[in-house]
Amino acid sequence: MGVIDTNTYTLTCACGVQESLTLAQYGSAYAAGEWQKGKSLARFTVEWETPLNFVAPNVTAAKCNACGGTPEIKVS
Ligand SMILES: [Zn+2]
């Protein structure tokens, strides 16, 4: 089992706060495996949705801890 895919989630708030998190999917050449579960961030309050283990987690809600604003989220 190795890392077969990664998603980097970058959250940027209008107040200047930015944080990014990378989640990995584990699997083999024969079978795609589980994604890591969404983690909590230091600078944002984030809610994750993981509908299925082999689908990348989604951010359903995020809030900046500094100003309460809603950050822009980029997944790459
Ligand atoms: Zn902010």
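All ligand and atom numbering here is 1-based and tracks the order in the structure.
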(message) For V59, run the side chain to side chain contact (heavy atoms under 4.5 Å, CB included) check against I73, L41, L21 and tell me which one passes.
(response) I73
(request) Would you please name every residue forming a ring-ring contact (aromatic ring centres under 6.0 Å, His included) with Y9, sequence neighbours left out? (result) W48
(request) Ignoring hydrogens and angles, tell me if any N or O in the side chain of E19 forms a donor-acceptor pair with the backbone of R43 under 3.5 Å. (result) yes
(message) Side chains of T45 and N65: any donor to acceptor distance under 3.5 Å?
(response) yes
(request) For the residue pair Q18 and T12, confirm or rule out a side-chain donor-acceptor distance under 3.5 Å. (result) yes
(request) Provide the protein N, O or S atoms situated under 2.8 Å from the Zn ion (ligand 1); waters are not included. (result) C13 SG, C15 SG, C64 SG, C67 SG
(message) Let me confirm one number: the CG-CD distance from N7 to Q25, rounded to the nearest 0.5 Å.
(response) 9.0 Å
